[in-house]
Colleague: 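Could you have a look at this structure, given as structure tokens, before my questions?
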There are 2 protein chains.
Amino acid sequence: MSNVEATQAPVARRPGRRRDDSKDDAILAAARELLAERGYDGMTMDAVAERAGAGKATVYRRWASKVQLTVDAVVCGPGSPMSIGDVPDTGTLRGDLLSVRFGRKSSDQSELMAGLMSAVRENPEVAAVFQEQFVRSRVALMREILERAQARGELRADIDLDMVAAVAPAMISYRKMVAGQHVDDEFVVRMIDTVILPLATGA
Amino acid sequence: MSNVEATQAPVARRPGRRRDDSKDDAILAAARELLAERGYDGMTMDAVAERAGAGKATVYRRWASKVQLTVDAVVCGPGSPMSIGDVPDTGTLRGDLLSVRFGRKSSDQSELMAGLMSAVRENPEVAAVFQEQFVRSRVALMREILERAQARGELRADIDLDMVAAVAPAMISYRKMVAGQHVDDEFVVRMIDTVILPLATGA
DNA sequence: GGGTTCCGGAACTGCCCAGTTCTGTATTAG
DNA sequence: CTAATACAGAACTGGGCAGTTCCGGAACCC
């Protein structure tokens, strides 16, 4: 990313206008918005530049390609993977699950996720980032929450943690991306109460 | 589709070479294969024509656009929506679910489904067909199977049929399209035994 | 045969978009 | 001031693909 001067030369400041670093964020934000609104194909580089109030040359001076910009936009976005440390121990599985739902920072992560799908299919670099940001981290978080509940003795004895940890992410993604329905609080709470808890705790 | 002659004129057969109806199937099959292999964007009309052993003019003589061809390819495909009538009553929920899994005709429906996703996002006609073929019909089938089990007295009393009916389709779609993993028999059987049955029957 | 329709295949048009280059301007160092 | 760099915006290049048109040939009716 940044230039590393091999020698200890004092890096004499070059003349000329300095790069406006705030434009990096504007461009990344524009890319994320367009991914969420129009999907990968709809996120044209012209549209990104226009929304960021930048010229295309400025975008390409900072990212080598659309794929690289997409990867950075996803990785650097808000709503980065939550870890178990971010989930307060409420004392019950239900409380922990609700706090994950209502303790989120960003709202439209699922839109971004849906917009990335076509890029995931045909681009390994995007697929790898998607996998980490939207799949691995979420299932891992669910698994850790379930393990905490297991330590409390809340869970059924014969539970298959890997399977159960995938149920909530699967149902939320399915509703959003396949069924094309909105994922609101009502749905999530109902899912927790009628699917996750009965399955995990036996009611 | 076919011409309807308003008057009772005897529809004098026109001269000239007759249309080769077998080409319809070849074109639809080529479209389905390419959708499954390369997705909607990768299904170019040139590729469809070439694989079907046809000229592009022949394809466009029969379908007005890529969207129309896609819709027909999905609707006319094998593996059309299964109904409860196709599922033998095995006497147990587990048996019924397994017979759905192992009684299927086509194998790569999930590939086709994944290939359609990008078209679903940006085309209402494709979205409507997708919704009916891959979402409504599957959840409805699951719900009917659950209701049959309920009539047998196999289910928990407090079950939420709509929610539970969505779990299996959601987990299968998620594994295939989001997690990017293969959906094999081992996975489906494990899902049935560790998720669906515990959830529906209480174990 | 003669007229008509379909065929595969290839050439062609028109559009969109990633990526590049140019133009005129603004900002900085010396 | 001059030289160097960044900027927004517009023009441009090149490739891919949907959809169209044309060609020579084949199949069919009379």
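Residue numbers begin at 1 in each chain, while the letters A, B, ... track the order of the sequences.
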Colleague: Roughly, in whole Å, what's the span from CG in A:Leu69 to P in C:dG19?
Modeller: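 Result: 10 Å.
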
Colleague: Using atom NZ of B:Lys23 as one end and atom C1' of D:dA26 as the other, report the distance to the nearest whole Å.
Modeller: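 It is 12 Å, rounded to the nearest whole Å.
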
Colleague: State whether B:Glu147 and B:Arg143 are salt-bridged, where the test is any N-O pair (Lys NZ or Arg NE/NH1/NH2 against Asp/Glu carboxylate O) under 4.0 Å.
Modeller: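 Salt bridge: yes.
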
Colleague: Could you tell me which residues satisfy salt bridge (charged side-chain N to carboxylate O under 4.0 Å, His left out) with B:Glu132, sequence neighbours excluded, listed by chain and number?
Modeller: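 Counting only residues at least two positions away or on another chain, B:Glu132 forms a salt bridge (charged side-chain N to carboxylate O under 4.0 Å, His left out) with B:Arg136.
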
Colleague: Against the six-membered ring of A:Tyr40, is A:Lys66 placed for a cation-pi contact (under 6.0 Å from the centre, within 45° of the normal)?
Modeller: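 A:Lys66 over A:Tyr40 ring: yes.
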
Colleague: Once salt bridge (charged side-chain N to carboxylate O under 4.0 Å, His left out) is applied, what residue pairs with a partner in residues 39-56 of chain B remain, sequence neighbours excluded?
Modeller: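 Listed once each, the pairs are B:Glu33-B:Arg51, B:Glu37-B:Arg51, B:Asp46-B:Lys56.
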
Colleague: Considering only heavy atoms, which members of residues 114-129 of chain A lie under 4.0 Å from some atom of DNA chain C?
Modeller: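 Heavy-atom cutoff 4.0 Å gives no residues at all.
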
Colleague: Under the salt bridge (charged side-chain N to carboxylate O under 4.0 Å, His left out) rule, collect the residues that match up with B:Arg152, sequence neighbours excluded.
Modeller: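 By the salt bridge (charged side-chain N to carboxylate O under 4.0 Å, His left out) rule, B:Arg152 matches B:Asp89, B:Asp96, B:Glu154.
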
Colleague: How would you list all residue pairs meeting ring pair (Phe, Tyr, Trp, His ring centres under 6.0 Å) that involve residues 64-84 of chain A, not counting sequence neighbours?
Modeller: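 Every candidate ring pair (Phe, Tyr, Trp, His ring centres under 6.0 Å) pair involving residues 64-84 of chain A fails, so no pair, neighbours aside, qualifies.
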
Colleague: Applying salt bridge (charged side-chain N to carboxylate O under 4.0 Å, His left out), can you list everything that pairs with A:Arg18, at least two apart in sequence or on another chain?
Modeller: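 For A:Arg18 there are no salt bridge (charged side-chain N to carboxylate O under 4.0 Å, His left out) partners, ignoring immediate neighbours.
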
Colleague: Can you sort out the partners of A:Asp20 under salt bridge (charged side-chain N to carboxylate O under 4.0 Å, His left out), two or more places apart, ordered by chain and number?
Modeller: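 So A:Asp20 forms no salt bridge (charged side-chain N to carboxylate O under 4.0 Å, His left out) with any residue.
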
Colleague: For DNA chain C, which residues of residues 32-44 of chain A approach it to below 4.0 angstrom with any heavy atom?
Modeller: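 Close to the strand are A:Met43, A:Thr44.
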
Colleague: Polar-atom pairs under 3.5 Å, protein N or O versus N or O of nucleotides 20-23 of chain D: list them with distances, or write none.
Modeller:
none

Colleague: Counting only N and O atoms by type, is there a donor-acceptor contact under 3.5 Å from the side chain of B:Arg175 to the main-chain atoms of B:His182?
Modeller: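 Present.
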
Colleague: To the closest 0.5 Å, what do you measure between CE (B:Met117) and CZ (B:Phe130)?
Modeller: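 Between B:Met117 CE and B:Phe130 CZ, I get 5.5 Å after rounding to 0.5 Å.
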
Colleague: Between B:Asp46 and B:Arg19, name the one whose nearest nucleotide on DNA chain C is closer to the 5' end.
Modeller: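 Result: B:Arg19.
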
Colleague: What residues, two or more places apart in sequence or in another chain, satisfy side chain to side chain contact (heavy atoms under 4.5 Å, CB included) together with A:Asp193?
Modeller: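 Partners of A:Asp193 under the side chain to side chain contact (heavy atoms under 4.5 Å, CB included) test: A:Arg94, A:Val189, A:Leu197.
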
Colleague: Nearest-Å distance, CE (B:Met45) to C1' (C:dG9)?
Modeller: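 Rounding to the nearest Å, CE of B:Met45 and C1' of C:dG9 are 16 Å apart.
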
Colleague: Might you list the N or O atoms of the protein lying below 3.5 Å from N or O atoms in nucleotides 28-30 of chain D, with each pair's distance?
Modeller:
residue : atom : partner : partner atom : Å
D:dC28  : O3'  : B:Arg18 : NH2          : 3.2
D:dC28  : O2   : B:Gly16 : N            : 3.1
D:dC29  : OP1  : B:Arg13 : NH2          : 3.4

Colleague: A:Arg19: which residues meet the side chain to side chain contact (heavy atoms under 4.5 Å, CB included) condition with it, sequence neighbours left out?
Modeller: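 Here the qualifying residues are A:Asp21, A:Arg61, A:Arg62.
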
Colleague: So, do A:Ser137 and A:Met82 sit near enough that their side-chain heavy atoms are less than 4.5 Å apart?
Modeller: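 They are not in side-chain contact.
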
